[in-house]
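Every heavy atom of this structure was used, including side-chain atoms; hydrogens, water molecules and symmetry mates were not.
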Amino acid sequence: MRSRPPKWLAAAALSTLLSGACIHEPPQPVDEEVTPSLGELTEIPVPALAPAGEPHLEASPGGALLMSWIERSADDDRASVRLARYEEGSWTDPVTVASGNDLFVNWADFPSVHAFDDGSLAAHWLQKSGPGVYAYDVRIARSVDGGASWSEPLTPHRDGTSTEHGFVSLGHREGSTDLEAVWLDGRNMAGTHDGHAGGDMTLRWARIDTEGVIVEEAELDPRVCECCQTSLAMLPSGPLVAYRDRSADEIRDVALVRRTAEGWSEPRLVHDDGWRIEGCPVNGPQVDALGSDAVVAWFSGAGGTLRTSVAFTSDGGASWSAPIAIDGGRPLGRVDVLLLEPDKAVVTWLERGDEGAEIRTRVVGTDGRAGPAVRVGGSSPARAAGFPRTARLGDRVFYAWTDPTEPPRILLRAANLEE
């Protein structure tokens with residue numbers, strides 16, 4: 001089997017595309033009367049101690065904002081997954097979820113914490129499983145006391161290979177305490193150089209009960225892009241999973257699979273972009289849902305045209321709208337998206353501005369109308385800037401990202417949703 005290109009090859013190809021391609025001018029969503037709109041952004045101090053980065057945000061059912069991140073030791077190679085809760089204008093003291101010098105720390109593949117309806121939590125992180133550069137496992141732990149203590153970690157995959165396992169998304173069905181996890185699984189790369197030079201990356205799913213028992217598991221796609229984020233949203237019928245697929249001729253468009261009453265669907269493309277790229281662009285999609293309504297956001301460089309787009313569904317993912325371009329003409333991707341109402345979403349992405357890269361956000365509707373693009377803050381196209389993450393808590397949208405200046409730190413801002 002042909003060896004797959006290293007990760008840097010895609011980065012180099014994307015850099016060439018950014019600098020040399022004819023940049024498209026997307027349709028301009030100019031209707032500034034779209035509501036809800038985003039109000040003025042305010043900065044919120046965070047309890048993360050620099051050097052820190054790779055934040056993840058989630059709004060808990062109990063009405064708190066959960067932020068997890070990675071703190072690095074200034075003295076050695078030790079790293080810690082940390083968690084704090086923001087509620088009624090203040091933070092709880094941070095707690096440590098996991099710590100050690102064997103954590104796999106990556107700018108694009110970072111830990112998360114997920115909240116259940118009963119207030120319990122699940123967290124995931126990555127841990128080295130062997131001497132190979134890409135030999136690491138997914139580790140998951142549960143907490144029933146708000147993060148003060150954690151269960152013994154478990155591994156949702158049982159292949160036992162020293163290969164790459166990561167890019168995890170977590171979720172649960174309403175009222176259930178079973179955890180549903182999706183990840184990229186490199187078990188079919190076993191025996192290759194560093195477990196990362198041949199074979200196909202797969203997309204896998206598991207449902208895990210509160211005792212750590214894997215109740216169900218499945219392979220969802222046997223060949224996917226090697227290092228783009230996955231994303232999971234929960235529909236009434238079960239999980240809706242977005243990811244970047246990989247065809248035999250290296251077309252790497254965004255695909256979806258969903259759980260129905262008949263079981264898992266076959267993978268289907270959100271849109272036939274036709275992006276052929278010889279290596280992973282490290283730029284995955286994001287999906288969010290309210291009931292059977294959902295939205296997906298993604299980045300593409302098909303045909304030398306850079307584009308950040310969204311599409312909507314109102315039938316649980318059975319059909320999707322045509323893509324709506326939301327960028328300003330020079331996007332870098334790194335998207336996130338929140339479905340505010342069945343017909344409106346707020347999307348966040350990285351855009352190359354006049355003075356470097358910046359994080360932008362805007363509200364967009366199913367009819368293609370959108371509010372103005374708002375600058376959240378300055379950033380960088382460098383890997384150290386990571387991926388901005390968003391969450392909605394009540395009538396506020398929160399934005400967290402890594403400021404890659406030395407030492408790196410986490411920034412958090414929030415905007416009110418205004419009618």
Side-chain angles (χ1 to χ4, degrees), residues 1 3-7 10 102-106 108-112 114 122-141 153-171 178-208 212-232 238-248 252 254-259 263-267 279-285 287:
M1 184 170 292
S3 295
R4 70 179 184 172
K7 292 182 179 180
D102 60 348
L103 268 62
F104 182 81
V105 178
N106 185 273
D109 192 1
F110 42 87
S112 69
H114 177 70
H124 101 270
W125 65 93
L126 307 176
Q127 192 166 354
K128 294 289 293 181
S129 62
V133 176
Y134 299 108
Y136 54 91
D137 289 339
V138 177
R139 304 290 277 164
I140 294 174
L154 62 89
T155 300
H157 45 88
R158 298 185 279 196
D159 53 289
T161 63
S162 293
T163 56
E164 184 175 1
H165 305 80
F167 295 100
V168 180
S169 295
L170 303 178
D178 285 357
L179 179 69
E180 309 213 17
V182 176
W183 68 94
L184 299 189
D185 192 301
R187 65 184 64 188
N188 293 340
M189 298 173 184
T192 62
H193 175 65
D194 280 338
H196 197 72
D200 289 334
M201 182 67 77
T202 65
L203 178 72
R204 298 190 68 89
W205 161 87
R207 181 166 66 88
I208 307 160
V213 175
I214 299 174
V215 180
E216 294 182 89
E217 58 185 320
E219 179 183 88
L220 305 183
D221 194 318
R223 179 180 167 92
V224 302
C225 202
E226 302 92 331
C227 40
C228 282
Q229 292 84 4
T230 65
S231 184
L232 182 153
L240 171 67
V241 181
Y243 61 100
R244 191 173 295 281
D245 211 349
R246 180 189 176 195
S247 74
R252 300 179 187 242
V254 168
L256 295 140
V257 291
R258 60 194 180 102
R259 188 72 179 262
W264 285 100
S265 70
E266 290 296 316
C280 179
V282 197
N283 223 316
V287 65

Tell me, do [X] and [Y] make a side-chain contact under 4.5 Å, heavy atoms counted?
{"X": "Phe104", "Y": "Ser129", "value": "no"}
{"X": "Asp137", "Y": "His157", "value": "yes"}
{"X": "Leu154", "Y": "Arg139", "value": "no"}
{"X": "Thr161", "Y": "Met189", "value": "no"}

Locate the shortest heavy-atom distance separating [X] from [Y]; write the atom from each residue and the value.
{"X": "Val138", "Y": "Pro156", "result": "O-CD, 3.5 Å"}
{"X": "Gln127", "Y": "Asp102", "result": "NE2-OD2, 2.9 Å"}
{"X": "Cys225", "Y": "Arg252", "result": "SG-NH1, 3.1 Å"}

Kindly say whether [Y] contributes a backbone atom to a donor-acceptor pair with the side chain of [X] at under 3.5 angstrom?
{"X": "Glu180", "Y": "Trp205", "result": "no"}
{"X": "Asp109", "Y": "Phe167", "result": "yes"}
{"X": "His165", "Y": "Thr163", "result": "yes"}
{"X": "Ser169", "Y": "Val182", "result": "no"}
{"X": "Thr230", "Y": "Trp183", "result": "no"}

Applying side-chain contact (heavy atoms from CB on, under 4.5 Å), name anything that partners Thr202, two or more places apart in sequence or on another chain. Asp185, Asn188, Arg204, Glu219
Taking atom types as modelled, is there a side-chain donor on Tyr136 or Glu164 under 3.5 Å from an acceptor on the other? yes
Spacing of CG belonging to Leu179 relative to CZ belonging to Arg207, to within rounding of 0.5 Å: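 So the gap between those two atoms works out to 11.0 Å.
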Taking salt bridge (charged side-chain N to carboxylate O under 4.0 Å, His left out) as the test, write out the residues that go with Arg259, two or more places apart.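 Expected list: Glu216.
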